Amino acid sequence: MKNMFFLSGLPRTGSTLLTSILSQNPKIHAEGNSALCQLMWDTKVSCENNALEQLLANNRFNTKKDIISALPKIYYSNTTKPIIIDKCRSWTLPANLQLIKEFITDKPKIIVMIRPLKEIVKSYIYINQMNNIKLNIDDLLSDNSEPIMRSLYGVDFVLKQDSDEFTFIQYKDLINKPKETIEKIYNFCELEYYEHRYTNIVNEHPENDSIYKMLGLHDVRPKINYRKIDIKLSKETEKRIENLELDYDTIT
């Protein structure tokens, strides 16, 4: 699909703020968490397993590629904007990167959002407390779990690729240097620059967080600033996070 870019990385890294800013550009469609990756994966699995016999029996050797390749256009048929930024934490996982290259574009450009894991964990504790939900840290940091650990594996994978397919956006830079950060994204995507505003920010595509049973999960404040989260972690949790933390020191 022409002019399609991808927004991925870790949760609680400002991706909703970023899409809200980018959506100010009348040429860009950037909405909330996308189901496109999951739909493409499920269709691929179905074509290679459940529907395989029927496809082979009817000599439909190209049907899998035809259907999966058509999904991005169908998914975004609700917009006429020429530039799509699809947001999904799972795009950085190796199998899903292959989906992009096989069915969308062999030269993807993926914006990867990152933030210290300690800050992410505290943000999740805070949002759970807001919703009167007791959060189990063991569940949050258990192997291959959502929303953090699978995303962490994906970011770790792409950090090791040394590829121009990715640009890394640190949460602190989006908050402290929003204009420079947006310029970095435009340069990476090779898009004509648009002069964005960084006050009175509005989310044009708000997600219904009641579906996630987590109100406030994707709220965007009109003014860009850090939210002070005064949460103390146990020494055990601090150590666990320290062992999982990725190294962002070499990222420019």
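Predicted, not measured: the structure shown is a model, and the values here were computed from it.
Remark: side-chain polar atoms of H196 are paired, donor with acceptor, to backbone N or O of I21 under 3.5 angstrom. For D209 (side chain) and L217 (main-chain N/O), a donor-acceptor pair under 3.5 Å exists by modelled atom type. Between the side chain of N58 and the backbone N or O of R60, no donor-acceptor pair lies under 3.5 Å. Under a 3.5 Å cut-off, the side chain of R115 and the backbone N or O of R12 do form a donor-acceptor pair. Judged by distance alone, with hydrogens and angles left aside, the side-chain atoms of S34 form no donor-acceptor pair with the main-chain N or O of D86 at under 3.5 Å.
Under the side chain to side chain donor-acceptor pair (under 3.5 Å) criterion, T16 pairs with K87, sequence neighbours left out.
Under a cutoff of 6.0 Å and an axis angle of 45°, K27 and Y194 do not form a cation-pi pair.
Side-chain contact, N131 with Y212: no donor N or O sits under 3.5 Å from an acceptor N or O. A donor and an acceptor atom, one from each side chain of Y186 and N25, are located under 3.5 Å apart.
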Fill in: Pair K184-E180, salt bridge (Lys or Arg N to Asp or Glu O under 4.0 Å): steps then yes or no
CA-CA 6 Å; K184 176 181 177 180; E180 294 91 331; over 6 Å; no

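Environment of NZ in K177: sparse, with no more than 12 heavy atoms of neighbouring residues, nucleotides or ligands closer than 6.0 Å. Heavy atoms of other residues, nucleotides or ligands lying less than 6.0 angstrom from NZ of K172 number 12 at most. Annotation for D162: atom CG does not count as buried by contact number, only 12 or fewer foreign heavy atoms lying within 6.0 Å.
Remark: E238 engages K118 in a salt bridge, criterion side-chain N to carboxylate O under 4.0 Å. Taking a cutoff of 4.0 Å between a charged side-chain nitrogen and a carboxylate oxygen, E190 and K109 qualify as a salt bridge.
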